[in-house]
A.B. asks: 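This is the structure I have questions about; it appears just below.
Here is the naming used below: chain letters follow the sequence lines, and residue numbers restart at 1 for every chain.
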Protein chains: 2
Amino acid sequence: MDTTRARAHRLTRQRKLVLEIIKESQGHLDAETLYLQAKTRHAPISLATVYRSLAFLKDAGLVQEQRLGEDHGHFESAQTTPHYHFTCLSCGQVIEFEAPQVLELARWLSAKKNLQVTELNLHLSGYCAQCAGRSQPAAPKTRI
Amino acid sequence: MDTTRARAHRLTRQRKLVLEIIKESQGHLDAETLYLQAKTRHAPISLATVYRSLAFLKDAGLVQEQRLGEDHGHFESAQTTPHYHFTCLSCGQVIEFEAPQVLELARWLSAKKNLQVTELNLHLSGYCAQCAGRSQPAAPKTRI
DNA sequence: GTCCATGCAAACTGTTTGCACGCGC
DNA sequence: GCGCGTGCAAACAGTTTGCATGGAC
């Protein structure tokens with residue numbers, strides 16, 4: 001009945017572990033990698049629990065999920081400064097960058113079309129400085 | 001040996017059909033919907049062929065794939081003017097919009113970090129004008 | 001002691017693939 | 001008629017879920 005009543009959540013070893021690994025890695029882990037990293041540590045954890053913990057932490061606003069052009073999700077520690085991602089199609093490295101213009105754009109759109117924007121996802125891909133130097137196989141159909 | 005030699009591609013009924021449906025729909029179909037629409041027409045086609053045709057057409061630059069925050073892909077006819085998408089989390093409608101600033105942003109980033117950007121994906125979600133009017137269940141954790 | 005969280009395995013969704021047949025060229 | 005495209009079903013990856021047990025509070 002009382003929907004405002006906070007549910008009793010438990011801070012288990014596994015949840016702490018998942019959050020810890022994400023924070024330490026500083027990167028963009030997928031669930032599988034996270035699971036494997038957890039295994040290399042002593043802690044026993046199952047893949048299902050990794051997913052459940054991630055869902056929990058995401059819901060709590062402690063981690064964020066990203067879709068970096070792959071068919072599976074990547075997770076990173078929630079940050080205060082919004083930032084975006086560039087993925088190199090050749091070497092796979094992910095570069096983070098800030099771009100305040102994006103928020104302006106969101107506000108502009110918000111006002112123009114009267115939308116309430118709650119999520120924003122900007123993802124670029126292409127070739128990083130190093131990889132662009134090497135000869136690309138044919139013209140990498142530049143669509144932009 | 002001759003990598004520049006064009007492969008002989010065939011324009012089969014199924015491929016024509018897939019392209020036709022995408023063009024007519026004007027929308028953002030996923031493979032399943034596309035498959036069902038094809039079935040309602042006379043044409044016999046399998047889901048596997050839908051995927052294969054989409055891959056083919058995508059490769060040919062005739063259709064583009066979008067990830068609209070869902071766990072599955074959406075496809076639309078390739079357009080000359082770049083545009084982006086907003087998905088309403090409440091009613092599910094997809095709103096397209098143009099935003100030249102985005103390309104400027106990409107160029108800016110390209111120059112600043114010396115990247116070669118070939119793909120750009122900007123996706124917003126939140127609540128549309130109609131849905132934002134109705135009372136939302138609690139504060140829709142606005143992260144932006 | 002109560003209940004939520006976990007582990008396991010099975011289910012599930014979206015997508016891809018191997019192989020034999022069919023059909024565009 | 002050659003060889004690519006198709007259909008079918010099975011395989012696949014990532015993710016979710018049912019149920020019995022375990023552990024946080």
A.B. asks: Please name all residues satisfying salt bridge (Lys or Arg N to Asp or Glu O under 4.0 Å) with B:Glu104, sequence neighbours left out, ordered by chain then number.
C.D. replies: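 For B:Glu104 there are no salt bridge (Lys or Arg N to Asp or Glu O under 4.0 Å) partners, ignoring immediate neighbours.
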
A.B. asks: Roughly, in whole Å, what's the span from CG in B:Leu54 to C1' in C:dT16?
C.D. replies: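 Rounded to the whole Å, the gap is 13 Å.
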
A.B. asks: Tell me the interatomic distance from B:Arg15, atom CZ, to C:dC25, atom P, rounded to whole angstroms.
C.D. replies: 10 Å

A.B. asks: Please list, chain by chain and in numerical order, all residues satisfying side-chain hydrogen bond (donor to acceptor under 3.5 Å, both in side chains) with A:Thr12, sequence neighbours excluded.
C.D. replies: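 Partners of A:Thr12 by the side-chain hydrogen bond (donor to acceptor under 3.5 Å, both in side chains) criterion come out as none, since no residue qualifies.
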
A.B. asks: Identify the pairs formed between an N or O of the protein and an N or O of nucleotides 20-25 of chain D at a distance under 3.5 Å, and give each distance.
C.D. replies:
from: D:dG23; atom 1: N2; to: A:Arg10; atom 2: NH1; distance (Å): 2.5

A.B. asks: B:Glu70 CD to C:dT15 C1': how many Å, rounded?
C.D. replies: 16 Å

A.B. asks: Please encode protein proximity along nucleotides 8-18 of chain D as a string of B, S and -, counting only heavy-atom distances under 4.0 Å.
C.D. replies: BB----SBBBB

A.B. asks: Checking one residue: A:Val94. Which other hydrophobic residues are in its cluster under the side-chain 4.5 Å linking rule?
C.D. replies: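 ILVMFWY cluster around A:Val94 also holds A:Leu68.
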
A.B. asks: Mind checking what makes side-chain hydrogen bond (donor to acceptor under 3.5 Å, both in side chains) contact with B:His28, not counting sequence neighbours?
C.D. replies: B:Glu76, B:His85, B:Glu96

A.B. asks: Checking B:His74 now: which residues fulfil ring pair (Phe, Tyr, Trp, His ring centres under 6.0 Å) with it, not counting sequence neighbours?
C.D. replies: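 Listed in chain order: B:His72.
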
A.B. asks: Whether B:Gln14 contacts D:dG7 is assessed here as follows: a side-chain N or O lying under 4.0 Å from the phosphate OP1 or OP2. Is that the case?
C.D. replies: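 So the side-chain polar atoms of B:Gln14 do come within 4.0 Å of the phosphate oxygens OP1 or OP2 of D:dG7, strictly under.
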
A.B. asks: How would you list all residue pairs meeting side-chain hydrogen bond (donor to acceptor under 3.5 Å, both in side chains) that involve residues 46-57 of chain A, not counting sequence neighbours?
C.D. replies: A:Ser46-A:Thr49

A.B. asks: For B:Arg67, what residues pass the salt bridge (Lys or Arg N to Asp or Glu O under 4.0 Å) criterion, not counting sequence neighbours?
C.D. replies: B:Glu65

A.B. asks: Could I get the full list of salt bridge (Lys or Arg N to Asp or Glu O under 4.0 Å) partners for A:Arg107, not counting sequence neighbours?
C.D. replies: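 A:Arg107 satisfies salt bridge (Lys or Arg N to Asp or Glu O under 4.0 Å) with no other residue.
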
A.B. asks: Partners of A:Glu70 by salt bridge (Lys or Arg N to Asp or Glu O under 4.0 Å), sequence neighbours excluded?
C.D. replies: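 Partners of A:Glu70 by the salt bridge (Lys or Arg N to Asp or Glu O under 4.0 Å) criterion come out as none, since no residue qualifies.
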
A.B. asks: Between C1' on D:dT6 and CZ on B:Phe56, what's the gap in Å once rounded to a whole number?
C.D. replies: 14 Å

A.B. asks: Note the angle between the end axes of the helix from C:dG1-D:dC25 to C:dC25-D:dG1, five pairs defining each, rounded to 10 degrees.
C.D. replies: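 The angle separating the two end axes equals 30°.
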
